[in-house]
Amino acid sequence: MLDPAFIAAEVARRYDLPGPVDAFLLYRGMNDVYLIKDGSGTQFALRSWRKTWRDVDSVGYELSFLDFLREKGFPASVAVAQKDGCLWFKAAAPEGDRALALYDWAPGCKFGECLSEDTAHRIGALFAEMHLLGSEWIGADHTYSTDQAKEYSVWMPALIDFVYDRPDDLRDYPIIAERMAERFDKLAAEGLPMGVCHRDFHPSNVHVNEDGQITLLDFDALGEDFLMQDVKNYTWGNLFYGYSPAYGEAFEAGYASVRPFTSAEIENQELFLMAKAFRLVSGMADSSRSVGRGTLRFRGLDWLGDYIKTRARALELL
């Protein structure tokens, strides 16, 4: 962890903010996040990426896209430019240089704290608009890859270690991973829509203020993926938190009002719901190597395993 006093000094030196600048550690994880306050009382969020989670190129990809969204007037929490115009900087850490960036503070509260079907519909419409802007940003000639859609394959050794005492999972998860990768490649070859995706959108990664202003945030998993996967990540997150399915349905209806789903996307809805659960458990296993094995919030390994395997069997992946 980088010392908050060091963070405050670096922000004061690099950014055009009124002093004094204070920094407070909010939470630790694959990113360390600090609350920054300047002399006028304005708040910002500063993210420090773990070297093992995101390299500098990945950070640059995210921040460049967010800057494009800013130019388009899209409501996202975006990086603040330094005095020299750069959107991020580096700091030395034992594991290697870590990238850091200062972000606008997203106003309001998490959507999960102010649930509304109307707001869920508006969030969905904005999310579809983000996907369309992503296509504009990346360019019509870009060729998408399924590498990030299959990122869980890289995490399989960690997942096997994570479920070492669960023989059914040890048997089933490698089979599901291999067959799901084959299915993804097939769908991509058939032209299932792909694009620039948030890849971790859920009810806690969108804020709503008291005036109904919506702000999307936490784009640090940004990458290429199936657009329907990005949609179902949110729908599944709504289920994971235990919220009414009505909010997920409203989100999807709002999305489809801007970018209607293709028939192939609708046919593969269950695949992407299952894939989200599988990504979560495999990603959690991989991140545990850096941040330790904590308890699962809301759902446990039994629930996740049942959810994944029930759908995998129906999809003929197991």
Side-chain angles (χ1 to χ4, degrees), residues 1-51 53-110 126 129-130 133-134 136-138 196 198 200 204-223:
M1 184 192 84
L2 299 174
D3 186 84
F6 168 78
I7 295 292
E10 286 296 294
V11 170
R13 180 170 70 88
R14 295 173 179 273
Y15 293 87
D16 188 16
L17 301 178
V21 173
D22 293 317
F24 310 88
L25 179 67
L26 285 180
Y27 58 82
R28 302 195 66 192
M30 296 310 293
N31 308 310
D32 295 338
V33 178
Y34 300 79
L35 168 63
I36 306 297
K37 288 185 179 181
D38 68 15
S40 69
T42 303
Q43 295 186 152
F44 303 87
L46 182 137
R47 176 183 292 147
S48 170
W49 286 266
R50 287 182 183 269
K51 173 70 173 178
W53 171 236
R54 286 289 181 264
D55 60 26
V56 171
D57 288 341
S58 297
V59 169
Y61 181 88
E62 173 199 340
L63 298 183
S64 294
F65 179 60
L66 288 177
D67 201 46
F68 176 79
L69 293 183
R70 178 191 60 77
E71 292 174 354
K72 293 294 183 177
F74 185 85
S77 175
V78 302
V80 178
Q82 299 173 68
K83 294 175 184 177
D84 62 1
C86 291
L87 297 173
W88 55 272
F89 61 97
K90 294 189 295 185
E95 72 272 18
D97 287 344
R98 299 178 69 166
L100 297 91
L102 189 69
Y103 291 80
D104 291 330
W105 188 262
C109 63
K110 297 175 182 177
L126 278 172
E129 182 183 340
M130 183 204 76
L133 288 170
E136 181 181 343
W137 176 69
I138 203 73
V196 177
H198 186 288
D200 190 30
S204 291
N205 278 343
V206 54
H207 279 197
V208 184
N209 73 2
E210 57 187 17
D211 296 324
Q213 177 187 343
I214 295 168
T215 305
L216 278 61
L217 62 149
D218 202 3
F219 285 74
D220 76 309
L222 187 78

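Below, each value reflects all heavy atoms present in this structure, side chains not excepted, and no hydrogens, waters or symmetry copies.
Asp3 pairs by the side-chain contact (heavy atoms from CB on, under 4.5 Å) definition with Ala5, Phe6, not counting sequence neighbours. Arg14 meets the salt bridge (Lys or Arg N to Asp or Glu O under 4.0 Å) test with Glu10; sequence neighbours excluded. When the side-chain hydrogen bond (donor to acceptor under 3.5 Å, both in side chains) test is applied to Lys90, no partner is found at least two apart in sequence or on another chain. For Tyr61, the ring-ring contact (aromatic ring centres under 6.0 Å, His included) test picks out Trp137, with sequence neighbours left out. Judged as a side-chain contact (heavy atoms from CB on, under 4.5 Å), and not counting sequence neighbours, the contacts of Asp84 are Gln82, Cys86. Partners of Phe219 by ring-ring contact (aromatic ring centres under 6.0 Å, His included), not counting sequence neighbours, listed by chain and number: His198. A search for side-chain contact (heavy atoms from CB on, under 4.5 Å) contacts involving Phe74 returns Leu69, Ala76, Leu126, Glu129, Met130, Leu133, Leu216, not counting sequence neighbours. With sequence neighbours left out, the salt bridge (Lys or Arg N to Asp or Glu O under 4.0 Å) criterion links Glu71 to no other residue. Residues passing the side-chain hydrogen bond (donor to acceptor under 3.5 Å, both in side chains) test with Asp104: none are found, sequence neighbours excluded. With sequence neighbours left out, the side-chain hydrogen bond (donor to acceptor under 3.5 Å, both in side chains) criterion links Ser64 to no other residue. Residues passing the salt bridge (Lys or Arg N to Asp or Glu O under 4.0 Å) test with Asp32 are Arg28, Arg98, sequence neighbours excluded. Remark: Ala23 engages Pro4, Ile7, Ala8, Ile36 in a side-chain contact (heavy atoms from CB on, under 4.5 Å) (not counting sequence neighbours).
The minimum heavy-atom distance linking Ala101 with Trp88 is given by the pair CB-CB, 4.3 Å. Between Leu217 and Ala106, the shortest heavy-atom contact is CD2-CB, 4.3 Å. Nearest heavy atom pair, residue Leu46 against residue Val11, reads CD1-CG2, 3.6 Å.
Evaluated for a side chain to side chain contact (heavy atoms under 4.5 Å, CB included) with Tyr103, the options Val80, Leu66, Asp218 yield exactly one hit, Leu66.
Within the 4.5 Å cutoff, no side-chain heavy atoms of Tyr15 are placed close to those of Val21. Using a 4.5 Å heavy-atom cutoff, the side chains of Trp105 and Leu35 are in contact. Under the 4.5 Å side-chain criterion, counting only non-hydrogen atoms from C-beta, Leu2 is in contact with Tyr34.
In this structure, CZ in Phe24 is found 6.0 Å from NZ in Lys37, a value given to the nearest 0.5 Å. Summarising the geometry, atom CG belonging to Leu17 is positioned 8.5 Å from atom NZ belonging to Lys83; distances are rounded to the nearest 0.5 Å. Separation of atoms CZ (Phe89) and OG (Ser48) is listed at 8.0 Å; rounding is to 0.5 Å. Separation of atoms OG1 (Thr215) and CG (Asn209) is listed at 7.0 Å; rounding is to 0.5 Å.
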Please step through side-chain contact (heavy atoms from CB on, under 4.5 Å) for the pair Trp49 and Glu62, ending with a clear verdict. CA-CA 12 Å; Trp49 286 266; Glu62 173 199 340; 3.5 Å; yes
Show, in sequence, the C-alpha distance, side-chain angles and deciding distance for Val59 and Arg47, and conclude whether the side-chain contact (heavy atoms from CB on, under 4.5 Å) test is met. CA-CA 11 Å; Val59 169; Arg47 176 183 292 147; over 6 Å; no
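Formation of a donor-acceptor pair under 3.5 Å by the Asp38 side chain with backbone atoms of Ser40 is found in this model.
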